[in-house]
Amino acid sequence: MGKRVAVVLAGCGVYDGSEIHESSAVLVHLSREGAQAEVYAPDVDQMHVVDHMKGQPTQEKRNVLVESARIARGNIKDLAQLDGKGLDALIIPGGFGVAKNLSTWATQGKNCIISKEVEDVLKAFHAAKKPIGLCCISPVLAAKIFPGCELTVGHDTECERWPYAKTAEAMKELGCKHVNKHVTEVHVDAKNKLVTTSAFMCNAPIHEIYDGIGKMVREVVRLA
């Protein structure tokens, strides 16, 4: 039997949900590793809906679970139903939905609140010593919940290639160790079984992001 891996989504679209390419890459690489993905999302309203052409919020309202179902091709469950006992690992792709719908990082940074459902799931997998894979902005969830853990969101010096590098500084202020890594690399915190990679925190060609996520998935499956 292949490993069973929970994948938690936060909507559909980089600016207000899960980053679609990252989510797809996670699912493709899990399939390649012979693992079975089980997709979940919280049944809550999005913080807001963003017109992805204009980059501006609209008056529309959308549900995180319903939108995430687009990526999961309808094969998805409410996060409230996630029972980690039968699962081997957890992966959370990035996208602004992580910082808007799974937490309040987008508006409060290091002082954010993480959704209770999301926090409970992360703590349950961590307590059971099951690996957790995080990419792009989603490592901030671990930074908030697991002080002293080791993570990467890429680089900690802002430049054209690394426009979101200040995220690393905020994570350091939460008491975790940030490790600079290239987009095709991962960092493994063996003690906490956390595997992280930067993905779209980097202005990189999409195939490099895809390759970095592949390494993250492989490490998660190996540790499971």
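Computation of the quantities below employed the complete heavy-atom set of this structure, encompassing side-chain atoms and omitting hydrogens, waters and symmetry-equivalent molecules. Since this is a predicted model, take the numbers as computed values, not measurements.
Nearest heavy-atom pair across Leu9 and Ala41 is O-CB, 3.5 Å. Here the closest non-hydrogen pair linking Cys176 and Met171 is SG-O, 3.0 Å. Of all non-hydrogen atoms in Pro139 and Thr152, the two that sit nearest each other are CG-O, 3.7 Å. Between Gln108 and Thr104, the shortest heavy-atom contact is OE1-OG1, 2.6 Å. For Asp16 against Asn101, the heavy-atom pair with the smallest separation is O-ND2, 2.9 Å. Ser68 approaches Gly11 most closely through the heavy-atom pair OG-N, 2.8 Å.
Applying side chain to side chain donor-acceptor pair (under 3.5 Å) to Asp156 and the options His178, Lys172, Lys166 leaves one that passes, Lys172. Each of Glu150, Glu219, Lys181 was checked for a side chain to side chain donor-acceptor pair (under 3.5 Å) with His187, and the lone residue meeting it is Glu150.
Using bins of under 30°, 30° to 60° and over 60° for the plane-to-plane angle, the ring pair His155/Trp162 lands in the parallel bin.
Under a hydrophobic-cluster definition in which Ile, Leu, Val, Met, Phe, Trp and Tyr are linked whenever side-chain heavy atoms come within less than 4.5 Å, directly or via other members, Val186 and Val98 are assigned to different clusters. Under a hydrophobic clustering in which Ile, Leu, Val, Met, Phe, Trp and Tyr are joined whenever their side-chain heavy atoms come within less than 4.5 Å, directly or via other members, Val188 and Met216 fall into the same cluster. One hydrophobic cluster holds both Val153 and Trp105 under the rule that ILVMFWY side chains link at heavy-atom gaps under 4.5 Å. Under the 4.5 Å side-chain heavy-atom criterion for ILVMFWY residues, no single connected hydrophobic cluster contains both Val140 and Val7. Follow the hydrophobic side-chain contacts under 4.5 Å out from Leu122 and you never reach Val5; the two are in separate clusters.
In this structure Phe125 satisfies the ring-ring contact (aromatic ring centres under 6.0 Å, His included) test with no other residue, sequence neighbours excluded. Residues forming a ring-ring contact (aromatic ring centres under 6.0 Å, His included) with His48 (at least two apart in sequence, or on another chain): none. The ring-ring contact (aromatic ring centres under 6.0 Å, His included) test applied to His21 returns no partner, not counting sequence neighbours. Listed by chain and number, the residues in a ring-ring contact (aromatic ring centres under 6.0 Å, His included) with Tyr15 are His52 (sequence neighbours excluded). For the salt bridge (charged side-chain N to carboxylate O under 4.0 Å, His left out) test, residues two or more places apart in sequence or in another chain that qualify with Lys116 are Asp120.
Separating the SG atom in Cys136 from the CE atom in Met201 is a distance of 5.5 Å, to the nearest 0.5 Å. The NZ atom of Lys144 sits 5.0 Å away from the SG atom of Cys112 when rounded to the nearest 0.5 Å. For the atom pair CD1 (Ile114) and NZ (Lys123), the distance works out to 8.5 Å, reported to the nearest 0.5 Å. Residue Cys135 holds its SG atom at 10.0 Å from CD1 of Ile209, rounded to the nearest 0.5 Å. Atom SG of Cys149 is separated from atom CG of Leu194 by 5.5 Å, given to the nearest 0.5 angstrom. In this structure, CZ in Arg222 is found 11.0 Å from CD in Glu33, a value given to the nearest 0.5 Å.
When side chains are defined from C-beta on, Val195 counts as touching Leu223, because their heavy atoms get closer than 4.5 Å. Counting heavy atoms from C-beta outward, Leu27 and Arg73 have side chains that stay 4.5 Å or more apart. Contact annotation: the side chain of Glu208 never approaches that of Tyr210 to less than 4.5 Å [non-hydrogen atoms, C-beta and beyond]. The closest side-chain heavy-atom distance from Tyr164 to Ile137 is not below 4.5 Å. Counting heavy atoms from C-beta outward, Ile145 and Glu119 have side chains that approach closer than 4.5 Å. You'll find the side chain of Ile20 stays beyond 4.5 Å of the side chain of Val14, heavy atoms only. In this structure, the side chains of Pro163 and Asn203 come closer than 4.5 Å at one or more pairs of heavy atoms. Glu22 is listed as a side-chain neighbour of Ile213, based on a closest heavy-atom distance under 4.5 Å.
Not a single donor-acceptor pair under 3.5 Å links the side chain of Ser138 to the backbone N or O of Leu134. Judged by distance alone, with hydrogens and angles left aside, the side-chain atoms of Thr58 form no donor-acceptor pair with the main-chain N or O of Val50 at under 3.5 Å. With Lys3 contributing its side chain and Ala35 its backbone, the two residues share no donor-acceptor pair below 3.5 Å.
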Run the side-chain donor-acceptor check on residues 75-97: report pairs under 3.5 Å with partners two or more places apart or on a different chain.
unit_1 : atom_1 : unit_2 : atom_2 : d
Asp78  : OD1    : Ala80  : N      : 3.0
Asp83  : OD1    : Lys85  : N      : 3.1
Asp88  : OD2    : Arg4   : N      : 2.8

